[in-house]
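Structure record follows, encoded as structure tokens.
Chain identifiers are assigned alphabetically (A, B, ...) following the order of the sequence lines, protein sequences preceding nucleic acid strands; residue numbering begins at 1 within each chain.
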There are 2 protein chains.
Amino acid sequence: MPATTSQPPSGPRRPVGIGEVAARAGVSPGTVSNVLNRPERVAEATRRRVQEAIRELDYVRNSSGSSLRSGRSDSVGLIVLDVTNPFFTEVARGVEDEAVEAGLAVILLNSAERPDRQRRSLRLLAEQRAAGAVVMPVDDDLSDLHWLRQRGISWVLLDRGDVAAQEGCGVSVDNHAGGLAAGRHLISLGHERLTFLSGPFAIEQCRDRLAGLRAACAEAGLEPDAAVRVVERPQLNARAGAEAVEAVLAGGPRRRPQAVFCANDQLALGLLKSLGRRGIRTPDDISVVGYDDIDVASLVHPGLTSVAQPKYEMGRAAMRLLLSELNDPGHRHERLRFEPTLVVRDSTSARR
Amino acid sequence: MPATTSQPPSGPRRPVGIGEVAARAGVSPGTVSNVLNRPERVAEATRRRVQEAIRELDYVRNSSGSSLRSGRSDSVGLIVLDVTNPFFTEVARGVEDEAVEAGLAVILLNSAERPDRQRRSLRLLAEQRAAGAVVMPVDDDLSDLHWLRQRGISWVLLDRGDVAAQEGCGVSVDNHAGGLAAGRHLISLGHERLTFLSGPFAIEQCRDRLAGLRAACAEAGLEPDAAVRVVERPQLNARAGAEAVEAVLAGGPRRRPQAVFCANDQLALGLLKSLGRRGIRTPDDISVVGYDDIDVASLVHPGLTSVAQPKYEMGRAAMRLLLSELNDPGHRHERLRFEPTLVVRDSTSARR
DNA sequence: CGCCGGCCTTGAATCGTTTTATCGCGGCGG
DNA sequence: CCGCCGCGATAAAACGATTCAAGGCCGGCG
């Protein structure tokens with residue numbers, strides 16, 4: 001950055017390279033490089049002279065040249081499924097904070113839940129010879145990720161538990177436990193006719209959360225197949241939740257579920273809205289539980305009971321695993337598993 | 001990407017370069033480069049042979065080498081103030097979609113509203129010799145941005161209207177008009193005792209929205225200084241909104257505002273929550289208007305009346321301006337201004 | 001038949017940095 | 001006094017792609 005605060009916009013400057021700095025400081029380019037990368041190997045006086053020259057010329061390192069020669073790059077990729085989803089952005093914040101501390105730059109890429117865009121993103125990272133990547137995979141097909149690893153770019157999976165440890169590190173949350181907690185909560189409130197409002201079953205998380213819910217039923221002596229009805233929606237957003245209301249209420253008031261457990265908060269928020277429109281009150285007429293505990297869950301009225309995941313911490317942990325893989329020669333792949341916690345608010349209450 | 005779908009994880013492969021491809025195709029490296037960058041200059045047959053070799057060897061271009069020599073880079077930066085804010089992520093989506101169409105990669109950087117992080121991000125872009133940047137500046141100090149431009153990296157400002165056109169392109173929304181629309185709406189409902197719940201006044205948007213609100217008062221024959229009370233908060237998030245409730249209600253029921261206009265939706269959501277906790281009903285007791293019209297505004301209960309900005313379109317437009325600056329030699333800086341629109345929902349109603 | 005021009009292709013120079021082998025120098029031990 | 005060692009600094013060879021001047025080939029025209 002400029003030494004003097006704000007200069008009048010003068011013509012575009014010819015870029016200054018390491019050689020020019022060297023000339024100015026009266027040393028060789030190699031020495032400048034050493035000052036930049038291994039300052040301890042340079043004598044105090046020389047180092048100071050070089051740093052002075054760097055400041056005076058306002059030299060900025062060219063990372064192309066640098067990473068071309070060294071083979072290394074100091075940026076890592078982060079591929080998220082949806083930049084507009086609060087869950088992912090919170091995770092991204094964690095990844096970023098940890099990376100910044102380690103002096104790495106994060107290239108945030110959005111796969112928009114589309115395999116082709118994930119593919120593009122991975123290819124970009126390969127072209128950039130990125131140091132590594134944190135990836136929330138778009139589906140169960142990891143072949144592109146193996147392709148990336150073959151090229152020497154290692155990755156950590158986020159939010160996908162099914163990866164055998166020998167393929168790479170991973171961070172996930174126990175979705176079964178989350179479903180179980182939600183189920184126990186609802187059952188303890190006296191609800192026996194439940195609906196699981198799911199996203200696509202292709203998504204492992206949805207399946208696991210449902211399994212947890214069923215386990216809670218079994219545990220309480222309820223027959224899971226009878227107690228839990230499942231409504232599957234093709235997406236995990238609010239619109240899908242709102243549109244699901246008919247399917248959820250299908251069968252008339254007598255068969256209406258006493259409680260709905262949603263695969264994520266956005267579905268739940270959409271559903272709540274539609275229920276309200278129809279004059280069905282939450283929690284008086286129906287209890288609703290969400291998943292993720294995004295910020296707005298506490299802001300809506302009624303406050304949404306939700307299964308919380310340590311989003312920010314998951315991001316940090318993933319980045320830490322990646323850093324370990326990059327720096328620690330004795331690294332072994334590892335799978336970290338977080339525990340979800342139920343946050344009870346106003347959208348659930350005892351059966352009338 | 002691999003031609004064959006999924007190979008068993010074999011040892012890390014030695015990277016294949018342009019030379020190897022050339023050898024395989026029986027041509028010179030220069031020709032391979034031409035196939036990659038100016039295919040029309042290469043004879044049909046040769047081109048095919050080279051492409052075949054590329055596929056067989058699964059060659060991936062090394063962007064370090066490429067941009068080192070050419071001076072160009074095919075990635076652009078996008079610096080947002082807060083990755084977790086829905087307004088920004090929606091804008092980011094627009095920027096990204098437009099960039100992808102143009103074959104550019106987007107490096108998304110989060111300044112977290114902190115000048116030092118914005119500085120870091122700009123420096124990173126300088127080191128990477130990025131093609132350009134779309135920036136939502138963290139404050140009014142543009143000296144670092146000038147510094148960037150001096151280095152030949154051009155930028156487009158987003159959501160900041162005060163930049164003289166000769167310094168760079170910009171995209172903004174008419175905040176005064178937004179405040180005016182909100183004010184007219186509230187006044188037409190009969191409200192005369194208004195409060196503006198603001199973020200930091202250092203942020204131009206807040207000031208302009210307030211000015212618009214005042215203009216609406218003046219227009220209706222109300223004395224702005226008497227009709228509008230202002231509550232300033234240091235941040236623009238929900239927590240700040242929730243904590244503002246006391247200041248908003250200060251003075252007892254008699255002096256309680258009939259309507260509150262909030263500088264953004266998150267403030268409004270926080271405020272709504274706190275009002276609800278105190279048993280104050282919206283819109284019966286107090287009308288509330290937000291700003292930005294983020295997704296959840298329509299999901300909360302009551303639905304939040306809000307001033308909508310064309311978030312996604314703003315992102316696209318910003319990227320288009322940047323592309324024009326990069327590709328069009330006769331480019332002249334331009335300032336695009338969008339118009340906000342008021343979206344009326346349930347959080348505002350006529351004075352009782 | 002010779003020359004010219006257009007189309008493809010080539011070879012070599014080049015981008016800015018890192019790295020490695022080498023060198024000069026002064027001090028220390030033998 | 002000599003040789004050796006180690007510290008600091010240097011020069012030159014990479015890294016992988018792009019670019020550009022130059023050359024080869026072919027067909028057409030004079």
How many whole angstroms separate atom [atom1] of [X] from atom [atom2] of [N]?
{"X": "A/E44", "N": "D/dC7", "atom1": "CD", "atom2": "P", "value": "17 Å"}
{"X": "A/R41", "N": "C/dT20", "atom1": "CZ", "atom2": "P", "value": "9 Å"}
{"X": "A/I54", "N": "C/dT17", "atom1": "CD1", "atom2": "C1'", "value": "13 Å"}
{"X": "A/L68", "N": "C/dT14", "atom1": "CG", "atom2": "P", "value": "17 Å"}

My understanding is that only residues two or more places apart in sequence, or in another chain, count here; which of them pass side chain to side chain contact (heavy atoms under 4.5 Å, CB included) with [X]?
{"X": "B/D74", "result": "B/L104"}
{"X": "A/R114", "result": "A/D116, A/R117"}
{"X": "B/L81", "result": "B/F88, B/S111, B/E113, B/M136, B/V138"}
{"X": "A/E325", "result": "A/R149, A/S154, A/C169, A/H331, A/H333"}

Rounded to the nearest 0.5 Å, what separates atom NE2 in A/H146 from atom CG in A/D141?
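The NE2 atom of A/H146 sits 9.5 Å away from the CG atom of A/D141.
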
Between the main-chain N or O of A/G168 and the side-chain N or O of A/W155, is there a donor-acceptor pair closer than 3.5 Å?
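No; judged by distance alone, with no hydrogens or angles, the pair does not exist.
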
Choose from C/dG11, D/dA11, D/dG16 the nucleotide whose nearest atom is closest to any side-chain atom of B/S28.
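Of the candidates, C/dG11 comes closest.
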
What residues, two or more places apart in sequence or in another chain, satisfy salt bridge (Lys or Arg N to Asp or Glu O under 4.0 Å) together with A/E44?
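A/E44 satisfies salt bridge (Lys or Arg N to Asp or Glu O under 4.0 Å) with A/R47, A/R48 only.
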
Rounded (10°) bend between the five-pair end axes of the helix from C/dC1-D/dG30 to C/dG30-D/dC1
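Its terminal axes enclose an angle near 60°.
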
Sequence-distant partners of [X], side-chain hydrogen bond (donor to acceptor under 3.5 Å, both in side chains), two or more places apart:
{"X": "B/S33", "value": "B/N37"}
{"X": "B/T84", "value": "B/D82"}
{"X": "B/R24", "value": "B/E56"}

Close N or O pairs between protein and nucleotides 22-25 of chain C (under 3.5 Å):
none

side-chain hydrogen bond (donor to acceptor under 3.5 Å, both in side chains) contacts in which one or both residues fall within residues 312-323 of chain B, not counting sequence neighbours:
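Pairs touching residues 312-323 of chain B that pass the test: B/D97-B/Y312, B/E98-B/R316, B/E98-B/R320, B/E101-B/R316, B/Y312-B/R316.
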
Sub-3.5 Å pairs of nitrogen or oxygen atoms, protein against nucleotides 17-20 of chain D:
residue: D/dA17; atom: OP1; partner: B/Y59; partner atom: OH; Å: 2.6
residue: D/dA17; atom: OP1; partner: B/N62; partner atom: N; Å: 3.4
residue: D/dA17; atom: OP2; partner: B/I18; partner atom: N; Å: 2.4
residue: D/dT18; atom: OP1; partner: B/N37; partner atom: OD1; Å: 3.4
residue: D/dT18; atom: OP1; partner: B/N37; partner atom: ND2; Å: 2.9
residue: D/dT18; atom: OP2; partner: B/S33; partner atom: OG; Å: 2.8
residue: D/dT18; atom: OP2; partner: B/N37; partner atom: ND2; Å: 3.2
residue: D/dT18; atom: O2; partner: B/R69; partner atom: NH1; Å: 3.2
residue: D/dT19; atom: OP1; partner: B/R72; partner atom: NH2; Å: 2.5
residue: D/dT19; atom: OP2; partner: B/R38; partner atom: NH1; Å: 3.0

